[in-house]
Amino acid sequence: MFFSCKTYNLYLPCSSVPLRNSTSCTIFNCQNPNEHHSILRKHNSKSTAYLLHHLSHKDGAPNPIPIPKPSELQDPMPHEEKVKVLELSLVRKRTPQFPGSIYAQSPSDSDVGSSLPPLRTLFQSSDDKDDDEEEKEMIMRALDIRRKVTEEVFKEAMRKGKFGITYTTNLVGRLSGFIDYIMIEAANLKRLPEYSNSTFNLRAKIVIDDSKVVPLIRWLKHNALSYPRIAKLILMSSGKLEAVRSFVEWLKSVHVKGEFLGVVMVNAGENIFQRSHVELDEIVLYLESNGVRRDWMGYVISRCPQLLSYSLDEVKNRAQFYHDMGLNEKDFGTMVFDFPKVLGYYSLEEMNAKVNYLKEFGLQTKDVGRLLAFRPQLMACSIEEQWKPLVKYLYYYGITQDGMRRMLTIKPMVFCADLQMTIVPKVRFFEDIGVRNDAIGNMLVKFPPLLTYSLNKKIRPVVIFLMTKAGVSEKDIAKVVALGPELLGCNIAHKLDLNVKYFLSLGIRLRQLGEMIADFPMLLRYNPDVLRPKYVYLRKTMVRPLQDLIEFPRFFSYSLEGRIIPRHKVLVENQINIKLRYMLTSTDEEFNKMVKGIIRKRLRFESAVTNEDTTLILETTPQA
């Protein structure tokens, strides 16, 4: 195909390919070289250069025209045009082109950018600062596009691995660092002779296949790892993906179960994949030698993966910290199993600070050791956020240091409870039902587990039961709770209700039962099987009325064989009849003294009566 220049009798070859960088050119008349006209037809830079070269060597043409370089003939490319060129050069697939497009892409092109101008023309050197900023922006844009291309290659590999679209998209969205790794490695492959002419997409695919990341993802997913953890593990591996599989196999050898494999690997430290299995085995063997059984090891590591990030010497120092407080191997092993974080989660400085604070309650070092062996969760508590506010709160209710020490030793979990969410609502409830502040402090010291019970599931239902089913009046409920806080821990269906029904079956009225409970709240805590023999002895052997029991419900608190029967025999032998209160509440010495006093009074009374009778007889007898 030729372009006919009829005016000047000149035929010029014209490229059949749509033009790239368009420019206008000037054509000289062959017969009159001084005459020239501007042709409005657009040519690319190479075609224009070829035309000028042809005219400059035409026979008879004076003053040959200097041939400009193609780059000198290019007009400044707009920013939007540069972005268009960049995207077409880096995209993975050929974008649809309409007929007559400036940037044509033929289906037969071996490279998607074969018909585009060289990319180096987009980044020509310039002294203008605006141009420098534009070049930086274009470079960053190029990296973003290349990263998207790499993501598409990775997604294609995942799809070939039978992964779903949603799963693949979610996973790739968290693998930005690994995508950059693939992009860099694919760029490095171009330096090798065998890959010098290959496309970036092919090199990226080779990097993905060589890393075996897709089979690894399938294997990790099979081991119950979620895609966020899989993504984090791949990023932690720094490209050494085989180390992930090797570490998982080691975790299985120490009985770490599938659902905890990801938790351990993610939380075991950034350098966990760089550690040898020999070092990890040394830690496991040391823990075994200190009371942590082999079948416990998986549980311990699952709950405290940080143990695997320490050296053997660090683990020994932490174990020695507890041995110095008097813990033997058995106590140490059960403590670690009960709360694995006690060994590996907290720093030694923090552990020392908590032990010293517990000593301020009057505990010795060995006492603290026994306390931690029994309730190692104390190490998870914060001194500033939990213990100090709790101590201040308890002090407000009159609880002394000795009382706090009792609470700490009897129920250590009180010091692990949340003050505002757990303790304060219960104390406010006690205040609402009429318990005084000093009585609240006494009942908490007397029965510390009360603060660990659920307010809505345990404490409140028991109070409602006592007032509605056990006959306790509203004015007596505070007294019942203050004197018998242990009642609030009893099961309603299996303990309280059965006892109430038993007492009602004896003929005691509901109002009377409420008064008995107010006098002796522990009455409802006894087992009916223990109460029944005492009641039978009271009614049949002692022949006492039911009213005696109503007046003195503490009768059931005394031992039948140890106190009730022996003292009753003493009273029967001496023909003495006294109230149950005086019969049972005194000590043996006081009881014997009381019996002797009663006998003495009776003898004195009897002797006085005898003397009166004798005198009366003498007075009434007539004299001879």
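Checking side-chain atoms of Asn491 against main-chain N and O of His494 turns up a donor-acceptor pair under 3.5 Å. Of the possible donor and acceptor atoms, one in the side chain of Tyr310 sits under 3.5 Å from a partner among the backbone N and O of Gly344. Formation of a donor-acceptor pair under 3.5 Å by the Asp438 side chain with backbone atoms of Gly398 is not found in this model. Judged purely by atom type and a 3.5 angstrom limit, Arg174 has no side-chain atom pairing as donor or acceptor with the backbone of Pro228. No side-chain donor-acceptor contact under 3.5 Å links Asp331 to the backbone of Leu327. Between the side chain of Arg203 and the main chain of Ser198, a donor-acceptor pair closer than 3.5 Å is present. With hydrogens and angles ignored, the 3.5 Å screen pairs a side-chain donor or acceptor of Lys190 with a backbone N or O of Ser196. For Glu314 (side chain) and Ser311 (main-chain N/O), no donor-acceptor pair under 3.5 Å exists by modelled atom type.
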Step-by-step side chain to side chain contact (heavy atoms under 4.5 Å, CB included) determination, Leu307 to Tyr345 = CA-CA 8 Å; Leu307 275 174; Tyr345 190 79; over 6 Å; no
Criterion side chain to side chain contact (heavy atoms under 4.5 Å, CB included) on Gln420 and Asp418, from CA distance to verdict | CA-CA 6 Å; Gln420 298 299 328; Asp418 185 271; 4.0 Å; yes
Residue pair Leu189, Ile206: steps toward the side chain to side chain contact (heavy atoms under 4.5 Å, CB included) verdict = CA-CA 9 Å; Leu189 283 182; Ile206 292 174; 4.3 Å; yes
Could you go through the salt bridge (Lys or Arg N to Asp or Glu O under 4.0 Å) check for Arg147 and Glu151 one step at a time?
-> CA-CA 6 Å; Arg147 187 176 289 109; Glu151 289 180 358; 5.9 Å; no
Decide yes or no on side chain to side chain contact (heavy atoms under 4.5 Å, CB included) for Ser382 and Trp387, but give the supporting numbers first.
-> CA-CA 7 Å; Ser382 171; Trp387 287 350; over 6 Å; no
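Geometrically, Lys354 engages Tyr346 in a cation-pi contact defined by less than 6.0 Å to the ring centre and at most 45° from the axis. Cation-pi contact between Arg218 and Phe163: present, with separation from the ring centre below 6.0 Å and deviation from the ring axis of at most 45°. Cation-pi geometry between Arg303 and Phe339 is not satisfied (NZ or CZ under 6.0 Å from the ring centre, within 45° of the ring normal).
The two residues Val342 and Met351 come nearest to each other via the heavy atoms O-CE, 3.9 Å. Across all non-hydrogen atoms, the minimal contact from Val254 to Arg294 is CG1-NH2, 3.9 Å. The heavy-atom pair separating Asp338 from Pro376 by the smallest distance is OD2-CD, 3.6 Å. Closest non-hydrogen pair, Ala482 versus Ala439, comes out as CB-CB, 4.3 Å. The heavy-atom pair separating Ile477 from Ile433 by the smallest distance is CG2-O, 4.0 Å. In terms of heavy-atom proximity, Met407 sits nearest to Val445 at CG-CA, 4.2 Å.
In Asn197, the CG atom is not crowded: 12 or fewer heavy atoms of neighbouring residues, nucleotides or ligands sit closer than 6.0 Å. Within a 6.0 Å sphere centred on CD of Glu282, other residues, nucleotides and ligands contribute more than 12 heavy atoms. The environment of OH in Tyr286 is crowded: more than 12 heavy-atom neighbours from other residues, nucleotides or ligands sit within 6.0 Å. Glu288 CD: more than 12 foreign heavy atoms inside a 6.0 Å radius. The environment of Lys330 atom NZ is sparse: at most 12 non-hydrogen atoms of other residues, nucleotides or ligands sit within 6.0 angstrom. For CG of Leu192, the number of neighbouring non-hydrogen atoms (other residues, nucleotides, ligands) closer than 6.0 Å is greater than 12.
Note that the CE atom of Met379 and the CG atom of Leu372 stand 5.0 Å from one another [nearest 0.5 Å]. Here the CZ atom belonging to Phe178 is positioned 10.0 Å from the CG atom belonging to Leu171, to the nearest 0.5 angstrom. Between atom CZ of residue Phe200 and atom OH of residue Tyr195 there is a gap of 14.5 Å, rounded to the nearest 0.5 Å. For the atom pair CD1 of Ile208 and CD of Glu156, the computed distance is 10.0 Å after rounding to the nearest 0.5 Å. Going from atom CE of Met443 over to atom CZ of Arg436 covers 12.0 Å, rounded to the nearest 0.5 Å. Here CD1 of Ile517 is found 4.0 Å from CG of Leu524. Values are rounded to the nearest 0.5 Å.
A distance of 6.0 Å or more separates the ring centres of Phe430 and Tyr397. Between Tyr393 and Tyr396, the distance separating the two ring centers is not shorter than 6.0 angstrom.
Salt-bridge check for Glu152 with Lys148: failed, with every basic side-chain N at 4.0 Å or more from each acidic carboxylate O. Salt bridge status for Glu431 with Arg428: absent, with no side-chain N to carboxylate O gap under 4.0 Å. Between Asp209 and Lys205 there is a salt bridge, since a side-chain N of the basic residue sits under 4.0 Å from a carboxylate O of the acidic one.
Donor-acceptor pairing under 3.5 Å is recorded for the side chains of Lys359 and Thr365. Side-chain contact, Glu360 with Asn356: no donor N or O sits under 3.5 Å from an acceptor N or O. Donor-acceptor pairing under 3.5 Å is lacking for the side chains of His323 and Asn328.
Residues Met183 and Val153 fail the side-chain proximity criterion, which asks for heavy atoms closer than 4.5 Å. Counting heavy atoms from C-beta outward, Leu308 and Trp250 have side chains that approach closer than 4.5 Å. In this structure, the side chains of Lys388 and Tyr357 come closer than 4.5 Å at one or more pairs of heavy atoms. Side-chain contact between Trp296 and Val336 is absent, with no heavy-atom pair separated by less than 4.5 Å. Counting only heavy atoms from C-beta outward, the side chains of Pro340 and Tyr299 approach each other to under 4.5 Å. No side-chain heavy atom of Ser454 sits under 4.5 Å from any side-chain heavy atom of Ile459. Here the side chains of Leu483 and Phe520 are not in contact, with every heavy-atom distance at 4.5 Å or above. The side-chain heavy atoms of Leu371 and Pro412, taken from C-beta on, include a pair separated by under 4.5 Å.
When each of Thr409, Val391, Asp402 is checked for a side-chain contact (heavy atoms from CB on, under 4.5 Å) with Phe361, only Val391 meets the rule.
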